[in-house]
Amino acid sequence: MASVRMQGLKKRFGAIEVIPCLDLEILDHEFVVFVGPSGCGKSTLLRIIAGLEPITEGDLYIGNQRVNDLTPAERDIAMVFQDYALYPHMTVYQNMAFGLQMRHTPAAEIDARVQNAARLLDIGPLLKRRPRALSGGQRQRVAMGRAIVRDPKVFLFDEPLSNLDAQLRGQVRSEIKALSQRLKTTMVFVTHDQVEAMTMADRIVVLRGGVIQQVGAPEEIYGRPANRFVAGFIGSPSMNFLPVTLLKGAAHLLDGRKLNIGATLEGQAVLGIRPEHFVPAPDGSGMPVEVTLVEPLGSDTLVHFLVGDIKCIARVAPDTKPLVGERLPLAVASGKAYLFDPDSGAALPAGILP
Amino acid sequence: MSVIAQLVIVAAGILFPIIWMVSSSFKSSADVTAYPPTFLFRPTLENYTRLLQTTPFFSYARNSLIESGSSTLIGLLLGVPAAYAASITRSSWPALVTLSARMAPGTLFLIPWYIVFRDLGMVGTYGALILTQAAITLPIVIWVLLPAFDAIPRSILEAAGVDGCGTLRSLWRVALPLVSSGLVIATILAFVFSWNYFLFALVLSDENTKPLVVAAFNYIGEGSTDWGGLMAAATLIALPPLVLAIAVQRWLVAGLTLGAVKG
């Protein structure tokens with residue numbers, strides 16, 4: 001159990017700069033999720049922590065120890081790989097025991113730890129099987145078991161749920177979260193799935209092009225996105241972005257319509273509205289939009305419409321049953337309008353108003 | 001054409017020389033040179049009895065075994081780590097370098113090779129023969145195992161690293177068990193090639209270290225050739241590799257689909 005600290009970390013593959021310069025501290029016992037689109041450097045960062053990729057420049061500390069020059073074996077970390085990477089020629093028991101054997105743990109203790117982990121993950125009956133004879137979900141558990149028995153300083157997860165079907169993914173997701181609360185070990189989890197990030201993390205690190213966009217608790221990332229990228233990446237369906245001119249508290253859309261958002265700023269901006277923050281306007285006050293597509297999800301309904309030529313989505317209550325072609329007056333929930341700088345994409349400080 | 005007919009034709013083409021060799025070894029000296037060749041003849045063991053009585057056949061066999069066995073062992077000891085290193089560093093040049101020794105015809109090297117060993121005082125020793133044959137076994141081992149190692153998902157080797165293995169231990173405990181069929185194939189091919197390698201053995205061996213292939217050559221005389229004896233010797237020489245191949249047939253077949261199956 002230990003913190004992980006990166007200082008001025010840089011990573012280049014030949015001429016390609018994957019991580020330009022990165023500072024981050026992951027606290028002891030913290031569950032941190034690296035999230036971002038493919039190629040954002042999240043997996044590279046995890047592999048750097050694991051010691052599977054050398055550091056080009058900068059320092060990496062696990063606990064108080066600088067580990068730049070330590071091999072993966074010397075770092076006392078455990079990793080769950082995307083394809084699980086179980087040893088095909090070993091039984092489940094041997095797979096889990098292997099790391100302890102390599103560290104010369106006494107056989108009795110190995111047995112106790114493996115049995116304990118097997119109980120924890122409910123894979124006791126599988127111990128004598130080989131990976132070939134396991135389902136995807138079972139292999140995933142064995143991969144976690146192999147990490148758990150080691151009782152490492154840091155757990156690393158490299159998109160471990162991406163090869164599972166949707167239902168199993170949800171189940172394992174909650175299991176990993178429960179496990180993290182039980183084990184109280186520092187965990188770093190990489191995913192491109194913002195739902196996994198939101199549901200599991202103590203803190204989320206949003207990455208793009210090897211640069212940290214924002215670090216914060218899930219509600220902070222969702223509620224106060226630092227820039228347009230984070231706002232668009234977190235939340236499903238994505239936030240709607242509309243270029244606007246702010247004038248006297250109202251946002252004037254390009255097509256001349258306006259939305260009252262009570263902004264104090266004036267000038268050009270990008271207005272961001274999450275689908276779930278559209279509300280049907282009570283009287284004629286809202287912005288009437290023409291419905292182009294309706295997707296009923298049961299719990300709520302997604303309404304697609306166009307503002308100019310920009311596709312937008314609103315999430316409304318299921319009892320609002322709009323028809324395609326119907327004009328639906330929409331307003332923005334109080335205090336839920338986000339404003340971004342049209343050039344830099346940075347969130348404008350007065351973007352969220354009471 | 002049916003598949004079976006095709007197989008029969010191919011098999012006949014491949015097997016004919018072997019059948020000819022074996023059948024000739026059981027022919028009397030009159031039958032063996034008969035023209036047109038006889039296919040129906042009275043089998044005799046006289047070639048084999050003469051071979052075993054007039055030549056120290058078993059001491060030649062022992063020489064062959066020592067030389068091929070040792071050179072195969074050296075090929076494995078050097079080739080397995082070399083192939084693994086080439087695979088994990090994704091570099092193919094070491095494999096090319098080992099092959100380069102086989103690119104030019106051996107006759108080009110023969111004289112300088114002989115001079116080197118003569119100056120070392122090693123001509124006629126097991127050492128000279130074993131080292132020479134290791135130059136044959138090494139590239140075989142590397143070239144058979146390199147694609148086998150390449151087929152192992154990198155994450156499995158990385159997992160071994162995270163689990164506490166250094167390079168040698170992940171080779172021994174994780175990579176090698178996963179390429180076991182490739183290892184068997186490499187061993188057999190190396191052994192067979194070394195067993196049958198003639199040219200350098202002819203030059204570098206003496207009466208005490210002469211392997212079977214060279215000894216069998218003695219049956220081809222200047223004036224007359226003892227074809228029956230030669231065929232009997234050839235049949236006996238071919239026997240160990242054949243037995244070996246049949247014994248590990250299961251792995252050989254599995255090896256053909258190497259890499260197709262992931263754990």
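By convention in this document, chain letters (A, B, ...) are assigned in the order of the sequence lines, proteins followed by strands, and residues within each chain are numbered from 1. Keep in mind that the numbers below use all heavy atoms, side chains included, and drop hydrogens, waters and symmetry copies. Because the structure is predicted, anything quoted here is derived from the model rather than measured.
- A donor-acceptor pair shorter than 3.5 Å can be found between the side chains of B:Ser87 and B:Asp150.
- Contact check on A:Arg139 versus A:Asp83 returns no salt bridge, with no Lys/Arg side-chain nitrogen under 4.0 Å from an Asp/Glu carboxylate oxygen.
- No other option in B:Gly166, B:Gly161, B:Ser180 has as many heavy-atom pairs under 4.5 Å with chain A as B:Gly161.
- Salt bridge A:Asp59/A:Arg5: absent, no basic N to carboxylate O contact under 4.0 Å.
- If you measure heavy-atom distances from A:Arg75 to chain B, you find no contacts under 4.5 Å at all.
- Within the 4.5 angstrom heavy-atom criterion, no atom of B:Arg154 approaches chain A.
- For the options A:Met90, A:Arg130, A:Arg103, A:Gln101, heavy-atom pairs under 4.5 Å to chain B are most numerous at A:Arg103.
- The part of A:Leu86 that comes within reach of chain B is its backbone (N, CA, C, O), which places non-hydrogen atoms under 4.5 angstrom from that chain.
- Heavy atoms closer than 4.5 Å to chain B are found in the side chain of A:Leu52, but not in its backbone.
- In this model, a donor atom of one side chain and an acceptor atom of the other lie less than 3.5 Å apart for A:Thr71 and A:Glu74.
- In this structure, A:Arg146 forms a cation-pi arrangement with A:Tyr87, its terminal cationic atom sitting closer than 6.0 Å to the ring centre and no more than 45° off the ring axis.
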